[in-house]
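Everything below concerns the one structure shown next.
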Amino acid sequence: MPDTSTGSTGSTGNTATPSRRTVLAATAGVTTALAVGGTAHAGAPDDRKLRALIARMTLPEKVGQLFVTRVYGHSATAPDQADIDANLKELGVRTAAELIAGYRVGGIIYFTWAHNTRDPHQIADLSNGIQKASLTQPRGLPVLVSTDQEHGIVCRVGEPATLFPGAMAIGAGGSRADARTLGRIAGRELEALGIRQNYSPVADVNVNPANPVIGVRSFGAEPAAVAGLVAAEVAGYQRSRQVAATAKHFPGHGDTAVDSHYGFPVITHTREQWDELDAPPFRAAVRAGIDSIMTAHIMVPALDDSGDPATLSHPILTGILREELGYDGVVVTDSLGMEGVRTKYGDDRVPVLALKAGVDQLLNPPSLDIAWNAVLKAVQGGELTEARLDESILRILRLKAKLRLFEEPYVSQDGVDRNVGTPSHLATADRIAERTTTLLVNEGSVLPLSRRAHPKVLVVGADPASPSGTTGPPTGVLAAALTDLGFTATALSTGTAPSADTIARAVTAARAADAVVVGTYNVTASSTQKTLVGQLLATGRPVVAVAIRNPYDVAHLPAVPAYLAAYSWTDVELRAAARVIAGRVAPRGRLPVPVQRADDPTRVLYPIGHGLSYGSGWRP
């Protein structure tokens, strides 16, 4: 661990927001350096002032500015003992404040599993504690706090914050206005929490139904449609210049059957296919003024035949992203703890090679100490020049200046109350979700269900853990929503791989109900979910299936008379599906991906754009 004797955080309790006078005193050198005519201009930071600031930094401070790392705990100075132990084990420090004092990191990423995101007021306090710990260091700089708040199945900040439908659901809605609104509201809430860089939107075009890591995180399979929604969401996030959006995962992670968390995917697209399929959303993001772009730990031989992942590829990051696409914003790696970037090189080489390739921010290395010292030694040994570090630091500081972090690094509890999870925001999320639910099958007009004809409803199916801090489980959320809509609904969790005993219990319960709603989750040819559905159909009760993740489930269950795609099992999307089932709203979504036949994947069962509605005689 670096020597921490050059500065102390002192008492950095984060229960109160420091006054503006305190901020200005703590950052006097920084604010003076950035002042332009007495005030700093957020939209056009002065490079001369930023370069002067960089010139005063020590080499260790420069190295630290390139890193964005995790840290455990709900508080910057007083985390729980279990989090202190985790920090000591993984980072060699006790707290976020000690981390900043030792490594002078430029960014910190929040995770739910790191216990950073208990509730909005706690998150705001944590952010303030982190900023105070950094700004009270010699030549202290504000920290760029980031997270993955994609909405849908990947979120780090849960209720009571507003949670929107995920990307594929937004793709089913097809509204750029809704994508822009999502970015605007989500950005406002993140800013109120002190989170200023969001690793969203996903710009990958999901052309492979077997994709295990992107899937419903993508807007869809049609490049132009994905490009339009990416640009719209970016505009929403960056409209206020308070939150930086991040397009990911360059050069495109949509056509892989390997998860780069656990393996090293190879994309076999030709250069022409890449230009046609993968590049359009990233080009659109660059045109929209995207603040940061995240790299993918994938190999694309047509773009670089060296065998290196894109994260470490100079031809891809500098040759294509910087030079061909004309992008000069911040480039951040995907997590350096993922297997896809660790397969070929050791953890000491990866950060150095990433910087040589053109990366600016090094995200979440498995060992910060190894990575930090590797970069330091690479500069001291001449493999990297200090000028190369300065180039990336300038981009990072430009972004911090654009976000007004030098002027307004702290957030307030009043700001949390005014902006996070407001009734207006929650109602907007519900309305957007209603426009995304897709009716794939409705034989015999099973839907909408009638409260008079089918008053007792059994809800069964998969109950995966809540992906975003929503209440869950899915069967319970659907049953509660249907009960609120006038049905008598009960929930019975049958899981993603129901046993024979579980299926028997579900069948017995179905015989006592008037209709059955079953949530399906990633159904495969051998899944016992198929057995469950088949036996439920055999009861003679009307069966409505809801694909609570991948819409591809419908291909494996062709006998189901009514099938909806919700694209996620978050509460906002399940409540919208319940309103469609009950006939309170009409289904309006359209498939943003094709669904191939299960028995012949070369043939399309439902094309892009497929989606049914209720007949002309239907009234809500």
Side-chain angles (χ1 to χ4, degrees), residues 167-169 171-172 174 204-226 252-259 263 265-270 272-274 276-278 298 437-444 446-447 461-462 496-498 503 518-538 543-568 587 589-613:
M168 192 171 285
D204 304 315
V205 180
N206 198 72
V207 296
N208 188 343
N211 195 320
V213 64
I214 304 301
V216 294
R217 297 168 62 196
S218 164
F219 287 109
E222 206 288 307
V226 174
H253 210 313
D255 189 8
T256 174
V258 175
D259 185 342
V266 178
I267 306 294
T268 58
H269 291 179
T270 66
E272 291 73 22
Q273 287 174 320
W274 180 82
E276 179 184 348
L277 293 174
D278 302 291
I298 59 175
T437 306
T438 307
L439 180 59
L440 301 174
V441 182
N442 194 23
E443 295 176 0
V446 171
L447 291 176
T496 57
I503 292 171
V518 54
T520 67
Y521 182 92
N522 293 3
V523 179
T524 63
S526 60
S527 173
T528 56
Q529 292 180 68
K530 294 176 62 177
T531 306
L532 169 68
V533 172
Q535 293 195 25
L536 291 172
L537 288 168
V543 174
V544 177
V546 182
I548 63 173
R549 184 166 180 166
N550 291 326
Y552 313 114
D553 287 1
V554 66
H556 293 281
L557 296 164
V560 174
Y563 221 127
L564 292 166
Y567 305 100
S568 177
R590 298 290 183 268
L591 276 176
V593 294
V595 174
Q596 281 85 15
R597 292 176 59 114
D599 59 350
D600 184 1
T602 65
R603 297 173 61 190
V604 173
L605 179 63
Y606 298 114
I608 291 175
H610 173 76
L612 307 175
S613 191

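Once rounded to the nearest 0.5 Å, the distance linking CG of Leu591 with CD1 of Ile608 reads 8.5 Å. The NE2 atom of His269 sits 5.5 Å away from the CG atom of Asp278 when rounded to the nearest 0.5 Å. Distance OG1/Thr602 to CD/Gln596: 9.0 Å, rounded to 0.5 Å. We find the CG-CD distance between Leu277 and Glu272 to be 11.5 Å, quoted to the nearest 0.5 Å. Between Asn206 atom CG and Ile214 atom CD1 the span is 7.5 Å, to the nearest 0.5 Å. The structure places OG of Ser568 at 12.0 Å from CZ of Arg217, a figure rounded to the nearest 0.5 Å.
Nearest heavy-atom pair, Arg597 versus Ala555, reported as atom, atom and distance to 0.1 Å: C-CB, 4.4 Å. Heavy atoms only, all atoms of each residue included: Tyr552 and Pro594 are closest at CE2-O, 3.4 Å. Annotation for Ile503 and Leu532: closest pair CD1-N, 3.9 Å, computed over non-hydrogen atoms. The two residues Glu222 and Val205 have their closest heavy-atom pair at N-CG1, 4.2 Å. In terms of heavy-atom proximity, Tyr521 sits nearest to Arg549 at OH-NH1, 2.8 Å. Nearest heavy-atom pair across Gly519 and Gln529 is O-OE1, 4.3 Å.
Between Tyr606 and Pro551 there is no side-chain heavy-atom pair separated by less than 4.5 Å. Counting heavy atoms from C-beta on, the side chains of Pro265 and Asp255 never come closer than 4.5 Å.
Distance alone, capped at 3.5 Å, is enough to place a donor-acceptor pair between the Thr528 side chain and the Pro498 backbone. In this structure, Asp553 contributes its side chain and Asn522 its backbone to a donor-acceptor pair below 3.5 Å. Put simply, the side chain of His610 gets close to the backbone of Leu440: a donor and an acceptor are under 3.5 Å apart.
A side-chain contact (heavy atoms from CB on, under 4.5 Å) with Tyr563 is found for one member of Thr438, Thr520, Val446 and no other, namely Thr520.
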Please report the C-alpha distance between Val560 and Val441 in whole Å, then the side-chain angles of each, then the deciding distance to 0.1 Å, and finally whether the side chain to side chain contact (heavy atoms under 4.5 Å, CB included) criterion is met. CA-CA 8 Å; Val560 174; Val441 182; over 6 Å; no
After noting the C-alpha distance and the side-chain angles of Asp204 and Asn211, does the key distance pass the side chain to side chain contact (heavy atoms under 4.5 Å, CB included) rule? CA-CA 11 Å; Asp204 304 315; Asn211 195 320; over 6 Å; no
Is there a side chain to side chain contact (heavy atoms under 4.5 Å, CB included) between Ile267 and Thr256? Walk through the geometry before answering. CA-CA 6 Å; Ile267 306 294; Thr256 174; 3.9 Å; yes
